Amino acid sequence: MFVKKSVMALAVASLLVTGGIWSPAPAKADKLADGSVVTTLSSGPTTNTGLNLYVDGSVATGGDGSKDAPYKTMTQVRDAIRAKNGALPTGGITVWVKAGTYKFPYTFELNASDSGSAGKTIVYRTYPGEKVILSNGVSVDPSLWQPLSADAQKRVNPKVSASNLVELDAKALGLSNINEYPGGTSFSDKWGIIDLIVDHERQPVSQWPNADETAGNNRTGWTTANGSADASSFYYGTGGIPADGDTADALNADGTNRAQRWQKSIADGHDLYLQGFWRTAWAPVMSKVQSINTGSNSITLLDMPSGGMGDKFSKQIIGSNPVYRVGSGKEEWRALNMLDEIDQPGEWALDFKDGKIYYYPKSGNGMMDKDVEIADKTSAVVKLTNASYISFFGFQVEDSMGNGIDMQNSHHITIAGNTVLNVGNGGIIDTGGYSNMIKSNDIYDTGGFGISIGNQGDRNTLTSANTRITNNHIHNIGEHAHLAGIVIRDSVGVWVDHNLIHDVPRDAIRYERNNNLTFEFNEVHNTALEETDTGAFYTAQDWSSYGNDLRYNFIHHNRRSNGFYADGSDAGDNYYNNIIQGSDRALQLNGHHNIAKNNVVVASNSVRIENRSDTKDQSLAVSKSYGVDSTFADTLRSKNPTSGAWLAYAATLKAKYGYTDNLWSDILDPNWRPEYSNGSAITNNALVQVGTIIKPKYGNYDVSNNTVLDSVTAASFYNYNKMDMRTNNAQILASFPNLNSIFPQIGLQQDAYRIRVVTRAETGGLTNH
């Protein structure tokens with residue numbers, strides 16, 4: 001079946017054709033910082049194979065898969081390969097997919113029956129130079145968009161004309177994820193509703209303040225509370241006594257009577273959700289509003305924030321029940337997904353009560369010339385389960401509420417040269433696999449993470465996964481849930497190299513509960529754009545996470561975040577020969593045996609080693625939190641470290657890293673004081689225009705032999721304004737001798753799939769965002 005989207009007028013039911021729907025596709029491109037697009041990826045060179053099969057969605061009906069009689073759908077070719085029952089030709093099979101959009105009812109799934117074998121890999125790839133889109137979105141007939149109803153017109157922001165907006169009956173379309181947030185009335189990472197994608201661009205959910213708008217003296221896109229009213233309420237105007245003393249009414253400052261408008265909408269049954277940092281500067285919570293009191297200038301949430309309202313470091317209201325804090329006046333919040341705040345082209349909102357989508361088109365031509373997709377399927381676009389020896393080259397994957405590519409318990413899989421965008425959760429996820437390659441992909445405009453690796457290898461036996469994540473460009477992710485560019489959890493032996501990660505809401509790379517990871521030649525800039533108290537590279541809370549090497553990485557323009565952050569009694573990370581520029585705490589090391597040496601730190605506020613318990617007292621509370629009675633100690637004990645693989649591992653680690661302590665007996669000895677940062681070090685680094693070096697009061701650590709230069713000028717970098725950090729300075733080269741040869745190798749590299757490497761100027765890597 002051939003479908004041309006510009007004349008499509010099909011009901012949703014007719015869109016869900018077995019095997020998918022085909023339509024022409026535009027040229028493939030990656031989005032740059034200025035909104036322009038460039039071609040960066042290819043499906044790679046033509047290679048010899050045992051059998052070639054062909055797919056072309058433009059043919060009337062599917063043939064036998066030959067070049068002259070191609071299959072019409074990818075499901076047809078998959079089933080034809082499956083029918084071979086593993087009797088594959090030497091050299092494997094290559095499936096050539098012609099340009100167009102191939103749509104799946106739910107997911108394109110491959111399992112053990114679809115696998116290749118050693119020397120007989122099954123390759124799915126696009127024709128060279130042609131763009132193939134894989135999607136499980138719901139296409140929308142342009143004629144279904146209507147002018148606003150009379151009731152909706154009453155709620156339109158006074159700054160715009162109701163005639164500029166249109167509405168779509170989401171219930172009539174039969175969409176599933178339009179009735180409520182799955183996280184309920186208070187949640188952090190469970191957005192879980194549809195996305196609106198117009199002309200292959202995810203449209204921004206309406207918000208106040210707008211992303212480019214300043215409300216009061218706050219950062220763009222956010223306003224702040226003016227103190228706590230009670231455990232579930234805060235002031236938006238006068239009435240509170242916030243620590244910062246600022247009680248200006250930013251909510252109503254633009255003269256649109258915002259508080260009264262919101263109050264009226266709530267009274268009429270329309271939900272209002274606020275996303276706020278009610279207690280901490282990380283993990284903002286979406287909270288349903290119960291009521292607005294314009295008399296007292298206060299807003300009450302339906303659910304009390306965990307711990308009560310108000311920054312946890314502000315003064316506690318004595319005798320309050322429930323407990324809450326007076327508030328710092330810096331608790332940031334914003335309103336999301338409300339018709340009342342659609343005031344910019346591109347913004348939209350889903351109204352749960354009405355069952356409608358309200359949208360402000362970007363051009364004045366209405367919706368008839370728009371290609372509209374709604375992401376409503378929670379399944380991944382492509383899913384591999386118990387599959388092996390399969391490759392995917394050169395596709396564009398989009399329009400899902402779930403993940404782009406989801407691999408479960410699969411091995412010897414290569415995902416290369418693909419673009420993943422406009423997905424509600426993550427770009428690529430790989431759980432329980434091994435010997436997989438994720439290479440030279442572009443991932444952006446996701447609701448959650450970029451790439452996630454989990455349960456690879458075996459931590460109990462220290463068996464390596466031998467999985468590699470290399471040369472990927474990940475940016476502008478975490479639009480719904482503030483997740484990381486790359487996440488690695490509960491794994492052993494994963495290699496992460498030459499990736500470029502930037503413009504992320506929290507950390508760029510987050511790794512927790514792992515061993516023997518290697519991070520090298522990665523470039524990171526502009527992290528923590530939404531949250532704070534994080535790091536470009538972040539790990540936390542595991543005494544057993546030894547053997548991780550971080551070297552030859554470049555972190556820059558990172559003013560809201562730490563550089564390398566070993567948080568909450570982490571242990572066993574090794575940071576050497578990295579360049580960290582423009583970070584808050586360039587090195588933030590908590591826990592033991594975290595070693596930073598031979599790094600170059602530039603224009604950052606501090607480097608530091610900290611103790612979670614900086615006291616001589618071995619109190620019961622300290623022992624429970626950070627000592628031998630803690631959950632961290634329990635995790636280490638669960639590895640049976642006094643025998644088998646972990647006993648041998650201790651000897652390997654001591655020989656490699658020069659530890660003088662006995663692993664693991666010293667760490668589990670209360671007299672060794674594991675709550676201190678014992679065995680950690682900041683040594684032989686070059687510190688250029690760094691504010692302070694901070695050391696803990698107690699513990700056996702080493703901060704020594706660091707070269708200090710008082711200015712960037714003294715460092716003699718080749719071109720600091722363009723972030724060319726090579727240098728002629730002998731003191732810096734004494735700390736990092738091969739800096740000048742290593743530096744050009746950092747970041748993205750041209751290869752068979754990445755045919756163009758974007759510049760730092762194009763990614764916005766020369767300024768703080």
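The structure presented is a predicted model; accordingly, all values stated were derived computationally and were not measured.
Looking at Thr683 and Asp702, their side chains never bring a donor and an acceptor atom within 3.5 Å of each other.
In this structure, the side chain to side chain contact (heavy atoms under 4.5 Å, CB included) partners of Lys656, at least two apart in sequence or on a different chain, are Asp549. Applying the side chain to side chain donor-acceptor pair (under 3.5 Å) test to Ser400 and every residue at least two apart in sequence or in another chain returns nothing. Not counting sequence neighbours, the partners of Asp567 by the salt bridge (Lys or Arg N to Asp or Glu O under 4.0 Å) test are Arg612. Annotation: side chain to side chain donor-acceptor pair (under 3.5 Å) contacts of Asn598 (sequence neighbours excluded): none. In this view, Glu520 and Arg551 satisfy the salt bridge (Lys or Arg N to Asp or Glu O under 4.0 Å) rule, not counting sequence neighbours. With sequence neighbours excluded, the residues satisfying salt bridge (Lys or Arg N to Asp or Glu O under 4.0 Å) with Arg585 are Glu610. Applying the side chain to side chain donor-acceptor pair (under 3.5 Å) criterion to Thr280, with sequence neighbours excluded, gives no partner residue. Applying the side chain to side chain donor-acceptor pair (under 3.5 Å) test to Asp189 and every residue at least two apart in sequence or in another chain returns nothing. Among residues two or more places apart in sequence or in another chain, the side chain to side chain contact (heavy atoms under 4.5 Å, CB included) test is passed with Asn471 by Ser440, His498, Leu748, Gln749, Asp751, Arg754.
Just one residue in the list Tyr676, Tyr575, Trp672 forms a ring-ring contact (aromatic ring centres under 6.0 Å, His included) with His593, and that residue is Trp672.
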Going by atom type alone, with no hydrogens or angles, which donor-acceptor pairs under 3.5 Å involve a side-chain atom of residues 639-647 and a protein atom two or more places apart or on another chain?
residue : atom : partner : partner atom : Å
Trp646  : NE1  : Arg459  : O            : 2.9
Trp646  : NE1  : Asn460  : O            : 3.4

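Among residues at least two apart or in separate chains, salt bridge (charged side-chain N to carboxylate O under 4.0 Å, His left out) pairs with a member in residues 471-482 are Arg202-Glu479. The side-chain hydrogen bond (donor to acceptor under 3.5 Å, both in side chains) analysis of residues 111-122, with sequence neighbours excluded, yields the pairs Arg82-Asp114.
Below 30°, between 30° and 60°, or above 60°: for Tyr511 and Phe519 the angle between ring planes is between 30° and 60°, a tilted geometry.
Shown here is Lys654, whose NZ atom has more than 12 heavy atoms of other residues, nucleotides or ligands within 6.0 Å.
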